[in-house]
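Structure first, then comments.
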Amino acid sequence: MQKKIIIAIIINVIILSAGLGIIGHLTINQSIDRSLHSRLTLAGIIANNVDLLLERSLNRLYDISLSGKIDLKDNNWKPEKEALQIAYQYSIFSDGIFLMDKTGNVVLTYPSRLENHENLLSNPYVSKIIMEGKPVISDIHTVEPTGKKVIYAMVPLKSKHGDIVGVVGGEIDPTSFRLSQSIEGMPREPNTYLEIIDSHGIIIVSNNPKRVFLSSDHNRFMENLIAQKKPEIRTCHRCHSGAGGKGDERSTDILAFAPLKMAHWGVSIIQPEKDVFAPSEKLRTTFIAFSLGSIGIALIIAIGMSKS
């Protein structure tokens with residue numbers, strides 16, 4: 001009789017443990033899914049904010065192009081200067097706004113610069129907009145010979161009759177506060193890189209200023225995602241200096257990526273996998289401890305009941 005009681009209680013304990021295991025497994029998986037989804041959602045929110053900022057700035061350029069006041073041949077630059085000044089005051093173009101004719105010659109800038117008459121036709125983004133007549137937001141471009149980093153936003157310049165006669169462009173300083181503030185108010189976690197990346201994998205904005213203008217740890221992969229306009233979340237690996245600067249160590253990270261619509265850029269969030277899954281691991285440990293405790297108590301009760 002004693003053996004039958006012990007066996008019956010052990011079977012009940014096994015059933016209870018299996019039930020707890022299934023519930024724990026499902027709960028932990030849900031916790032992991034929530035952790036991953038929250039990072040992908042955050043990347044998407046930042047991408048939408050940057051898209052909105054770029055769209056507003058492009059609209060300022062379109063206001064110039066479609067105003068009907070621009071005539072590059074009448075030798076009266078007063079309307080053009082006023083239009084550039086107004087657009088400059090309400091845009092992200094901290095490095096200035098310019099008018100360019102169809103041959104690539106910069107004919108007017110605001111604020112005025114000595115190099116007004118430079119030719120930008122060799123710039124691939126300029127030639128693209130003149131050929132295709134579509135707005136362009138460039139990757140990070142290095143101006144030679146100064147080495148200055150700049151981002152161009154450009155729209156086709158149209159005449160009163162709707163013909164493309166040139167380009168209206170603005171220069172964005174990648175280090176400007178207007179761009180960096182897109183990630184300033186976002187929640188952050190330790191050991192996390194939150195960054196905006198161009199189509200060549202170059203970091204435009206980062207919560208770690210030392211990484212700005214560097215190539216991303218996963219630039220090839222990022223290039224493909226940006227080209228495909230595809231949001232993604234996955235595990236990846238990162239190399240970093242070991243303790244004391246000896247050798248390299250590889251860490252497993254979680255990468256959440258969201259593309260932009262207005263530019264061939266993307267937003268990435270890179271965080272160590274152990275940090276992302278820390279709440280889930282804590283939950284797993286709690287479930288295991290609770291299960292083992294329940295089994296132990298049940299066995300003690302079983303033995304006591306069988307003896308009595």
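Values below: all heavy atoms of this structure, side chains included; hydrogens, waters and symmetry mates excluded. For the single chain, residues carry numbers from 1 onward in sequence order.
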Inset, instruction - Would you please say whether a donor-acceptor pair under 3.5 Å links the side chains of D173 and S94? - result: no

Inset, instruction - Cation-pi check, R39 to F257: give yes when NZ or CZ is under 6.0 Å from the six-membered ring centre and within 45° of the ring axis, no otherwise. - result: no

Inset, instruction - Output yes when K148 and D95 qualify as a salt bridge under the 4.0 Å nitrogen-oxygen rule, no when they do not. - result: yes

Legend entry - Partner of W265 by side chain to side chain contact (heavy atoms under 4.5 Å, CB included), out of I202, I196, I140: I196

Legend entry - Set of residues satisfying side-chain contact (heavy atoms from CB on, under 4.5 Å) with respect to K210, sequence neighbours excluded: N208

Inset, instruction - Output all residues satisfying salt bridge (charged side-chain N to carboxylate O under 4.0 Å, His left out) with K230, sequence neighbours left out; order by chain, then residue number. - result: E232

Inset, instruction - Applying side-chain contact (heavy atoms from CB on, under 4.5 Å), name anything that partners K261, two or more places apart in sequence or on another chain. - result: D51

Inset, instruction - Locate the shortest heavy-atom distance separating V205 from P174; write the atom from each residue and the value. - result: CG2-O, 4.2 Å

Inset, instruction - With the side chain counted from C-beta on, respond yes when T175 and S180 share a heavy-atom pair under 4.5 Å apart, and no when they do not. - result: no

Legend entry - Geometric class of the Y152/H141 ring pair [parallel <30°, tilted 30-60°, perpendicular >60°]: tilted

Inset, instruction - Run through L99, D101, I97 and flag the one making a side chain to side chain contact (heavy atoms under 4.5 Å, CB included) with L108. - result: L99

Legend entry - Contact check, side chains of K158 and Y62, non-hydrogen atoms, under 4.5 Å: no

Legend entry - Over-ring placement of R211 relative to Y193, 6.0 Å and 45° cut-offs: yes

